[in-house]
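These notes are about the structure you will find just below.
Residue numbering restarts at 1 for every chain, and letters A, B, ... go by the order of the sequence lines. What you see is a predicted model; the values in this text were computed from it and never measured.
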Number of protein chains: 4
Amino acid sequence: MPNKKVASSVKDQELIQLRRDQMIKGAVTLFIEKGFHRTTTREIAKASGFSIGTLYEYIRTKEDVLFLVVDSIYMRVKERMEALFDTETASISSLVDAVRSYFQLVDDMQDEVMVMYQEVKSLPKDAKEYVLQKEKGMVAMLERVIANSLPYTLSKEDVSLLANNIFVQGQMWSFRRWMLQKEFTLDTYIDRQVHYFLKSVQEVGNLQA
Amino acid sequence: MPNKKVASSVKDQELIQLRRDQMIKGAVTLFIEKGFHRTTTREIAKASGFSIGTLYEYIRTKEDVLFLVVDSIYMRVKERMEALFDTETASISSLVDAVRSYFQLVDDMQDEVMVMYQEVKSLPKDAKEYVLQKEKGMVAMLERVIANSLPYTLSKEDVSLLANNIFVQGQMWSFRRWMLQKEFTLDTYIDRQVHYFLKSVQEVGNLQA
Amino acid sequence: MPNKKVASSVKDQELIQLRRDQMIKGAVTLFIEKGFHRTTTREIAKASGFSIGTLYEYIRTKEDVLFLVVDSIYMRVKERMEALFDTETASISSLVDAVRSYFQLVDDMQDEVMVMYQEVKSLPKDAKEYVLQKEKGMVAMLERVIANSLPYTLSKEDVSLLANNIFVQGQMWSFRRWMLQKEFTLDTYIDRQVHYFLKSVQEVGNLQA
Amino acid sequence: MPNKKVASSVKDQELIQLRRDQMIKGAVTLFIEKGFHRTTTREIAKASGFSIGTLYEYIRTKEDVLFLVVDSIYMRVKERMEALFDTETASISSLVDAVRSYFQLVDDMQDEVMVMYQEVKSLPKDAKEYVLQKEKGMVAMLERVIANSLPYTLSKEDVSLLANNIFVQGQMWSFRRWMLQKEFTLDTYIDRQVHYFLKSVQEVGNLQA
DNA sequence: GATGAATGAGGCTTCATTCAT
DNA sequence: TATGAATGAAGCCTCATTCAT
């Protein structure tokens, strides 16, 4: 059950899971507050509710903590996206619903998105690649919804572009909050983004109908 | 001429400018390679071509270097944007030209955009605010072009939203290059983004005409 | 038990006491040899028998070491003074005994007195004030002995003056040793100082008796 | 004219004297404020009214500045003491006058006495010895006054002891000002010290007369 | 398994001194 | 002679990691 990419000297798998959950919970808050580099392992241990020695029983390096945190965020986001997107019905309106839900999700996990967004670069190369694969997977989900919901066929590239745009517009809500959240409420933001998104994917023929 | 927000013990203003230019040049490369936190002051000094002692004649703290770097990038981007956008003619095509140029600019300064993007958070609070003001200024330039170039009036919020979207779509080309630059060339990326942007701002009436 | 004015990241109070004792012991020697400013933290660590990292587990700054050293010296001096002075009997001869003992004590702790004497000025303001209070306490002890032992009443100021004189004459033995200890042995020094002290507090009437 | 113990690369003797006077004047203030170790050579140069480069034209090391300062203070104190003490008349009352004047002098040069007092230890060994010789000279002046003014003969050691006591009681007024200057005005301090001093050197026989 | 004291490499910064102009 | 930019050794302190209990 616990992430096998991170080695632990403890054997008991359930315990590993438990301790790592504590760890992730403690670390996220810290990473949000002060960033990965300015957070010390001692602070992480304390926020997790155990000693520095114990912390190192469940990870090998500080970067492991970051990896666990980022990975857990990705998992949670992905999980929720999957719940939103697995509609059978494929239509413009279901597409709109999915996009709206995605924006709501991002709003809900603003801080986590921020961490995911800013600290991935601090991961070691291999962990970074692993994480980017996950992100690809998430974009792919958006791609699928888009491709399936439009009444006409778009090129693979166009689908990818639109999916990336939506994906990043979601993230923007978080990382440009200092600007956007002064001008928009979540609802108006969603409303206008969806509005322009729809216009950009409307077929001319449809419009006239 | 040199940035007065950063104190220097050297008097000669021209020399300050010169040394700081060396410093910025050296530091950008390092920050791109390994990020601000993993770069040491000694590495910065070396990359700048002088001793650690000399480095500290021109700044007070390591964060000053980051500030100088980020500020210089903002200045260069802004300068180039100003050159692109001050067209008298205001029309859809001039808008498209501006957007295209902006994307080209971002491509040209990919690494710098990346730094600007990822390390601003490491600045001390006041420097961060100063920098965000600069970013606001850049978005405002886009807003002006958009508002002036469309043959109809958009709400202030819509203009802002579209400007932010364009701005971030430019940055995306840099910070999501691992994904986008595998699927698109710069030209096709610009082409498709502009395509969808145009669709999203086209008036229905115009379309039918 | 350990001094609470200096923060430590170690929890175990006994260990703190132990390590700080090592630290004080090592540091005193160094401070005597080369003074506070010319002593490095690494030298202190080495002289204490542990690593620089460990040193900083028990203090926050180099000045903390100085404070611990000075405070410990004051405590030791005060302790010994208390042992000497709490005689019930109050008479000229008990006063003389106390003064003699005090001079002997100062001789015994010459180096420590020297440090106490020369480095207090390097303490941060609040620590300095705390230490001066302690010194006041010590002078007050002398004042009490003087006031109680003389067969007539002196003004508060005169008592204070005499106490300060004695106190400083003790310290002199240490900080003017380059001069005094060439001309006097401890015994002759005590003898002559006591002699003149007695003359200065003798009542004329008594003399004639 | 300028102190030959400190080397200078400048030839012009008058200029050396001039610059060093500036230097001493600037440095004393700084040493009083923050002590020798916490004062930087750049601060000294600035307070002296010239550049760091110029500073080093007139001295070899930072310690040279301290030496010049201390030496100058000693010279000034000695000069004034000589002026006070070279009375022909030798009597108890002339002794008292001399002592009073000395206390007044010390009060007048409190800060300088403090520096002299606290920073001598920071001098290199040979400079320190030179300076201690000077101090011996000053004590010797007091010894002479004492020996000549009393109507009976004291042992060499007793004279020395009394001279040292007076000398240090003067310095005390400066270095224990935090305590003494709360309880005494200069006049009352002098008054009481002289009072007790007189008692301690009065001959019993004289008293009865 | 849990603890937390111990370690020391390494980071940032200062500052006495030099030297070309 | 005067200047002040350049230098780099050296200082203080932090913190990821280990390991004995």
Side-chain angles (χ1 to χ4, degrees), chain A residues 8-12 15-16 19 37-46 49-65, chain B residues 8-12 15-16 18-19 37-45 49-65, chain C residues 8-12 15-16 18-19 37-45 49-65, chain D residues 8-12 15-16 19 37-46 49-65:
Chain A
S8 163
S9 29
V10 173
K11 295 283 143 50
D12 183 335
L15 193 51
I16 296 182
R19 291 281 178 265
H37 281 106
R38 287 199 222 284
T39 302
T40 68
T41 51
R42 274 202 259 274
E43 287 170 322
I44 295 170
K46 191 171 185 186
F50 38 69
S51 72
I52 183 68
T54 301
L55 181 73
Y56 273 86
E57 294 289 312
Y58 296 93
I59 52 155
R60 282 273 181 270
T61 72
K62 189 187 171 191
E63 280 162 345
D64 282 347
V65 181
Chain B
S8 164
S9 28
V10 171
K11 304 269 172 68
D12 185 333
L15 192 54
I16 296 182
L18 173 67
R19 290 282 177 268
H37 281 106
R38 287 198 223 284
T39 302
T40 69
T41 51
R42 262 190 276 264
E43 285 170 323
I44 295 171
F50 36 69
S51 72
I52 184 68
T54 300
L55 179 72
Y56 274 89
E57 291 283 304
Y58 295 92
I59 52 157
R60 280 255 194 285
T61 70
K62 189 188 170 192
E63 279 164 345
D64 280 348
V65 181
Chain C
S8 163
S9 28
V10 172
K11 305 269 172 66
D12 184 334
L15 193 53
I16 296 182
L18 173 67
R19 291 282 177 268
H37 282 107
R38 286 197 223 286
T39 302
T40 70
T41 52
R42 259 187 280 263
E43 286 170 324
I44 295 171
F50 36 68
S51 71
I52 182 70
T54 299
L55 179 72
Y56 274 90
E57 290 283 304
Y58 295 92
I59 51 154
R60 279 254 194 286
T61 69
K62 190 188 170 191
E63 279 165 346
D64 280 348
V65 181
Chain D
S8 163
S9 27
V10 172
K11 298 281 144 46
D12 183 336
L15 193 52
I16 296 182
R19 291 282 177 265
H37 281 107
R38 288 199 222 284
T39 301
T40 69
T41 51
R42 274 202 259 274
E43 287 170 321
I44 296 170
K46 192 171 183 186
F50 38 69
S51 72
I52 182 69
T54 301
L55 181 73
Y56 273 87
E57 293 290 312
Y58 296 92
I59 52 156
R60 282 273 181 270
T61 72
K62 189 186 168 190
E63 280 162 344
D64 281 349
V65 181

Whole angstrom is fine here: how far is it from CD1 in Ile59(A) over to P in dG1(E)? 16 Å
Below 4.0 Å: OP1/OP2 of dC12(E) and any side-chain N or O of Thr41(B): yes
Short side-chain N/O contact to dT14(E) OP1/OP2 from Tyr56(B), under 4.0 Å: no
For dG10(E), take OP1 and OP2 only and decide whether either is under 4.0 Å from a side-chain N or O of Arg42(B). no
Scan Ser8(A) against the nucleic acid and name what it touches under 4.0 Å (heavy atoms): base, sugar-phosphate only, or nothing. nothing
Picking from dA5(E), dC12(E), dT3(E), which would you name as closest to the side chain of Leu15(C)? dA5(E)
Between the CG atom in Leu55(C) and the CZ atom in Arg19(C), the distance rounded to the nearest 0.5 Å is 11.5 Å
For the pair made of CG in Asp64(A) and P in dT17(F), what is the distance, rounded to whole Å? 9 Å
Check the phosphate of dA6(F) against Arg19(B), side-chain N and O only, distance under 4.0 Å to OP1 or OP2. Yes or no? yes
By nearest nucleotide on DNA chain F, pick out whichever of Lys62(A) and Gly49(D) is the more 5' one. Gly49(D)
Give none if dT21(E) has no partner; otherwise give the nucleotide forming a Watson-Crick or G-U wobble pair with it, both distances under 3.5 Å. dA2(F)
Whole-Å gap separating C1' (dA6(E)) and NZ (Lys11(C)): 15 Å
Does the structure show a Watson-Crick or G-U wobble partner for dA10(F), both distances under 3.5 Å? Name it, or say none. dT13(E)
Counting just side-chain N and O atoms, does Tyr58(B) come under 4.0 Å of either OP1 or OP2 of dA5(F)? no
Whole-Å distance separating the CD atom of Glu57(C) from the C1' atom of dT7(E): 9 Å
Interatomic spacing from OG in Ser9(B) to NZ in Lys11(B) - rounded to 0.5 Å: 9.5 Å
For the atom pair OG1 (Thr41(C)) and CD1 (Ile52(C)), what is the distance rounded to the nearest 0.5 Å? 3.5 Å
Let me know the distance between CD of Glu43(C) and C1' of dA10(F), rounded to the nearest Å. 11 Å
Rounded to whole Å, how long is the line connecting atom CD1 of Ile52(C) with atom C1' of dG11(F)? 10 Å
Does OP1 or OP2 of dT3(F) have a side-chain N or O of Thr54(D) closer than 4.0 Å? yes
Can you tell me how far OG of Ser51(C) sits from CZ of Arg42(C), rounded to the nearest 0.5 angstrom? 11.0 Å
Starting from the 5' end of DNA chain E, give me the residue, Arg60(B) or Asp12(C), whose nearest nucleotide shows up first. Asp12(C)
Between Tyr58(D) and Asp64(D), is any pair of side-chain heavy atoms under 4.5 Å apart? no
For the backbone of Ile59(C) and the side chain of Ser8(C), can you confirm whether one donor and one acceptor N or O come within less than 3.5 Å of each other? no
Spacing of Leu55(D) atom CG relative to dT1(F) atom P, expressed in whole Å: 16 Å
Whole-Å gap separating C1' (dT14(F)) and CZ (Arg38(B)): 17 Å
Heavy-atom nearest nucleotide on DNA chain F for Ser9(B) versus Glu63(C): which residue maps closer to 5'? Ser9(B)
